[in-house]
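Below you'll find the structure, written out as structure tokens, and then a few comments.
As the structure is a computational prediction, the values presented were derived from the model and not from experiment. Atoms considered below: every heavy atom in the structure, side chains included; atoms not considered: hydrogens, waters and symmetry mates.
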Amino acid sequence: MRRLLTVLLLACAALGVTVAPAQAHNVLTGSDPKEGAQLSAAPEQVTLEFDQPARQGFTQVSVTGPDGGRWEAGQATVSGSKVVTPLRPLGPAGAYVIGYRILSADGHPVSGKVTFTLTVAGAGAPAAQAPAAPPSQAADLSAQAAEAAANGGAGMAIVWIVGALVLLGGGTVIALRRATTAAGPTTGPAPTPAAGSSGSSPAPGAGPGEGATLTRAEGKGEA
């Protein structure tokens, strides 16, 4: 029983260790340009790298210049944990802010920003301000993101619950087998001598002839 409790406690501890990483969301691990970089030449694209894959279709990246203009040249593309966004030729010198919003593989949205500075002005012009998305389209995108987040979170929860049950069941089976092996086979009571058996056993060390002689001597004495 003690071994069973030990195995169950170890299984619960392992479950806690494995579930903890599952609760961690996607985080930015690097970027090009890097945070706080001072650049004399404008980059042609910005790259964001995360510790987990991002979902294609829900990624948004914007690059805002010191004049408030937008400098991204197209939609961001996702390749595993990397998100790449092309840039227009940059213009005024100053701080540029890369704003991002992604949807992690586990369904959780992650947002943040990276800032770099262009020290030498370029000849580029910002893009015309894009019109705001219609309310119906924005609501549809929000609903899709919420659904993806719900499905991703539920899926991960099911995976971890099933894994915990398998781990717990395996530990219980191993503990029961060890307990059965340690108990060993049961030993029954010693056999009872058959009824009617009589006679004295020969003394230790006496041979067959000596036993017969003692028996005949006992018979003569009784007669």
Side-chain angles (χ1 to χ4, degrees), residues 11-39 41-65 70-90 95-118 127 130 132-170:
C12 293
L15 175 61
V17 171
T18 53
V19 171
Q23 297 175 348
H25 302 331
N26 208 346
V27 295
L28 183 71
T29 59
S31 64
D32 184 16
K34 296 182 178 181
E35 170 67 30
Q38 302 281 330
L39 305 178
E44 297 181 354
Q45 63 183 22
V46 295
T47 302
L48 305 174
E49 187 167 1
F50 300 86
D51 66 338
Q52 301 174 25
R55 289 193 177 185
Q56 182 76 48
F58 299 98
T59 300
Q60 299 178 355
V61 177
S62 64
V63 180
T64 305
R70 296 284 291 270
W71 296 90
E72 67 272 14
Q75 297 293 328
T77 57
V78 177
S79 177
S81 60
K82 289 186 177 182
V83 178
V84 179
T85 305
L87 295 180
R88 302 170 62 88
L90 300 186
Y96 287 77
V97 179
I98 306 169
Y100 62 87
R101 179 180 175 84
I102 67 166
L103 195 64
S104 302
D106 62 357
H108 294 280
V110 178
S111 60
K113 64 179 182 178
V114 175
T115 303
F116 68 92
T117 300
L118 184 65
S136 59
Q137 182 179 356
D140 183 60
L141 290 175
S142 299
Q144 291 179 11
E147 181 181 359
N151 292 337
M156 291 299 297
I158 292 174
V159 169
W160 289 113
I161 289 174
V162 171
L165 292 177
V166 171
L167 183 63
L168 193 59

Discussion item. Check the orientation of Phe116 and Tyr96. Use parallel for under 30°, tilted for 30 to 60°, and perpendicular for over 60°.
Written reply: parallel
With a cut-off of 3.5 Å and sequence neighbours excluded, list every side-chain donor-acceptor pair involving residues 28-37.
residue: Thr29; atom: OG1; partner: Glu49; partner atom: O; Å: 3.1
residue: Ser31; atom: OG; partner: Pro33; partner atom: O; Å: 2.8
residue: Glu35; atom: OE1; partner: Thr115; partner atom: N; Å: 3.0

Practice prompt. Among residues two or more places apart or on two chains, list those pairs meeting salt bridge (charged side-chain N to carboxylate O under 4.0 Å, His left out) that have a residue in residues 95-105.
Written response: none
Worksheet, complete the sentence: Closest non-hydrogen atoms of Leu39 and Pro43, given as atom of the first, atom of the second and distance, are CD1-CD, 3.9 Å
Item to complete: Locate the shortest heavy-atom distance separating Ile102 from Ala54; write the atom from each residue and the value.
Response: CD1-CB, 4.0 Å
Discussion item. Walk me through whether Ile98 and Lys113 qualify under side-chain contact (heavy atoms from CB on, under 4.5 Å).
Written reply: CA-CA 5 Å; Ile98 306 169; Lys113 64 179 182 178; over 6 Å; no
Discussion item. Against Tyr100, only a single residue in Leu48, Val63, Thr59 fulfils side chain to side chain contact (heavy atoms under 4.5 Å, CB included); can you say which?
Written reply: Leu48
Side chains of residues 73-90: which donor-acceptor partners sit under 3.5 Å, not counting sequence neighbours?
residue: Thr77; atom: OG1; partner: Val84; partner atom: O; Å: 3.4
residue: Arg88; atom: NE; partner: Ala125; partner atom: O; Å: 3.0
residue: Arg88; atom: NH2; partner: Ala125; partner atom: O; Å: 3.3

Worksheet item: Is the count of non-hydrogen atoms from other residues, nucleotides or ligands lying under 6.0 Å from Glu44 atom CD greater than 12?
Response: no
